[in-house]
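For reference, the structure discussed in these notes is given below.
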Amino acid sequence: MSLQYGAEETPLAGSYGAADSFPKDFGYGVEEEEEEAAAAGGGVGAGAGGGCGPGGADSSKPRILLMGLRRSGKSSIQKVVFHKMSPNETLFLESTNKIYKDDISNSSFVNFQIWDFPGQMDFFDPTFDYEMIFRGTGALIYVIDAQVDDYMEALTRLHITVSKAYKVNPDMNFEVFIHKVDGLSDDHKIETQRDIHQRANDDLADAGLEKLHLSFYLTSIYDHSIFEAFSKVVQKLIPQLPTLENLLNIFISNSGIEKAFLFDVVSKIYIATDSSPVDMQSYELCCDMIDVVIDVSCIYGLKEDGSGSAYDKESMAIIKLNNTTVLYLKEVTKFLALVCILREESFERKGLIDYNFHCFRKAIHEVFEVGVTSHRSCGHQTSASSLKALTHNGTPRNAI
């Protein structure tokens, strides 16, 4: 592996790189004053929309709600994904007895909050104003412990939760994490997912809620499945996702790259990838590469007085595996990294790849700059101006 701390592309003047985080005024529909009311009284006021609908000038962060029964693993998921806690350390976490609001926007690209709800939360309690909670929420994640003998209680609570949430905010995304599957056999995992999927959707059909869509994921904090599941959840909250995927498709097709991920470095959530199917082993390789780069940079990349950053605009790494595969990491913004998988023969054209990456990086900055200036949440067009310069087989686009 080789790490380079030399001169890199200069920061893009006037670009989104100055902020380096998901814009706060991007139209998620949760108002600042409602957030203050939530902090004071527990809840978000009415009048906010969910999903990627248009918001006001002071639109704030979308919320992701973590819900489930006690000891289902909600707090462990939050700590492992966003606070880099070791899975073994989560054994000593205490159960939550109040709503825990975790704002991760200061250390992550994605500008949202995680609200962890206690397992004993009772929707029939008159003091619980669930309408105030569900309005303005982007996604609701319900965690079911797959290792319990009987998950009927969890399914009952799931039905009550999503039914009430859907009536308040039908634009919300509903996600079900079938959690702690690391101790189950492959056949047991498939059977458990099929059973939960069937029962949950049957309950919704009986209640006349066929339009309510549930997405199911098999997860564990002891492998990368929890990071991949959270990646899928977060991607649904990013209105520019089709544009990002299109940029990645153009980049890899002109650079001889097999697979590319746009990662949030801190959480190892991939914000976007190209249109080819995601192979779990490839995703795990890229996650491990990020860990290696950050760990090595913390040891050798800081100044003698300990100042500096382990990840900055000069960060770049190359790892060559023994099967002729090359992993290539490049910094995109302070929080984002592009990790590519390609063959050694394709990497011989590193100059071409680096030039195309510069065009890709500029286009990424323009995408989010357009989002900030236009206050649009959906329907961004591809930044074609920055892609016209992409080269194919070493020939500039304008020469083809």
Side-chain angles (χ1 to χ4, degrees), residues 3 5 8-26 28 60-64 78-85 102-114 138 224 227-228 230-241 243-245 247-248 251 260-273 283 286-298 301-302 308-317 328-340 357-358 360-372 380 383:
L3 293 174
Y5 297 94
E8 189 63 53
E9 290 93 340
T10 57
L12 302 173
S15 76
Y16 174 60
D20 284 323
S21 181
F22 212 60
K24 293 184 178 181
D25 53 355
F26 222 69
Y28 279 100
S60 186
K61 306 163 188 175
R63 293 190 301 278
I64 295 179
Q78 179 186 1
K79 294 297 184 182
V80 169
V81 175
F82 298 107
H83 296 279
K84 319 316 298 175
M85 179 179 286
D102 186 12
D103 187 348
I104 64 169
S105 59
N106 292 330
S107 60
S108 175
F109 168 78
V110 185
N111 190 39
F112 60 72
Q113 291 182 329
I114 302 284
H224 291 82
F227 295 96
E228 184 179 27
F230 241 106
S231 298
K232 300 293 181 60
V233 172
V234 170
Q235 286 171 21
K236 294 179 183 179
L237 299 177
I238 300 178
Q240 307 93 335
L241 181 62
T243 301
L244 299 179
E245 290 179 349
L247 293 175
L248 286 166
F251 171 69
F261 294 91
L262 190 60
F263 273 97
D264 175 50
V265 175
V266 174
S267 66
K268 290 185 293 188
I269 288 174
Y270 66 94
I271 304 302
T273 184
Y283 174 63
C286 295
C287 288
D288 292 341
M289 182 184 191
I290 292 175
D291 287 335
V292 169
V293 171
I294 298 300
D295 290 344
V296 172
S297 297
C298 287
L302 302 181
S309 174
Y311 182 78
D312 54 31
K313 67 178 184 297
E314 298 179 355
S315 295
M316 187 271 282
Y328 191 29
L329 180 147
K330 297 270 285 183
E331 181 266 354
V332 178
T333 74
K334 183 172 66 173
F335 294 126
L336 289 181
L338 180 70
V339 184
C340 306
F357 169 78
H358 179 76
F360 169 81
R361 182 173 180 266
K362 183 178 180 182
I364 291 292
H365 283 246
E366 288 181 0
V367 166
F368 293 108
E369 183 179 3
V370 168
V372 173
H380 290 289
S383 297

Q) What's the spacing between F263 CZ and F227 CZ if we round to 0.5 Å? A) 10.5 Å
(Q) Before you tell me yes or no, could you show the steps for I64 and L237 under side chain to side chain contact (heavy atoms under 4.5 Å, CB included), namely the whole-Å CA-CA distance, both residues' side-chain angles and the distance that decides it to 0.1 Å? (A) CA-CA 10 Å; I64 295 179; L237 299 177; 3.8 Å; yes
Q. Can you list the residues that meet the side chain to side chain contact (heavy atoms under 4.5 Å, CB included) rule with Q235, with sequence neighbours excluded?
A. S231, K232, L241, Y270
Q. For E331 and F357, which heavy atoms make the closest approach, and how far apart are they?
A. O-CZ, 3.2 Å
Q) At what distance, to the nearest 0.5 angstrom, does NZ of K313 lie from OG1 of T333? A) 13.0 Å
Q. Is a side-chain donor or acceptor of R361 paired with a backbone partner of V332 at a separation under 3.5 angstrom?
A. yes
Q | Minimum side-chain heavy-atom gap H358-K330 below 4.5 Å | A | no
(Q) Once rounded to the nearest 0.5 Å, what's the spacing between atom CD1 of I238 and atom CD1 of I271? (A) 4.5 Å
Q. So, for A272 and L244, which heavy atoms are closest and what is the spacing to 0.1 Å?
A. CB-CB, 3.8 Å
Q: Heavy atoms only: give me the nearest K268-D291 pair and the separation to one decimal.
A: NZ-OD2, 2.9 Å
Q: For side chain to side chain contact (heavy atoms under 4.5 Å, CB included), just list the numbers for F251 and C340, CA-CA rounded to whole Å, side-chain angles, deciding distance to a tenth of an Å, and then say yes or no.
A: CA-CA 10 Å; F251 171 69; C340 306; 3.8 Å; yes
Q: To the nearest 0.5 angstrom, please state how far the CZ atom of F230 sits from the NE2 atom of H224.
A: 16.0 Å
Q. Looking at CG of L247 and CD1 of I364, how far apart are the two atoms once the value is rounded to the nearest 0.5 Å?
A. 5.0 Å
Q | K236 (side chain) donor-acceptor with G138 (main chain) under 3.5 angstrom | A | no
Q) Got a sec, which residues hit side chain to side chain donor-acceptor pair (under 3.5 Å) with K79, two or more places apart in sequence or on another chain? A) none
Q) Nearest 0.5 Å, what's the OH-OG1 distance between Y283 and T273? A) 10.5 Å
Q: Sequence neighbours left out, what passes side chain to side chain donor-acceptor pair (under 3.5 Å) with D295? Give chain and number order.
A: none
Q | Any side-chain heavy-atom pair of V233 and I269 under 4.5 Å | A | no
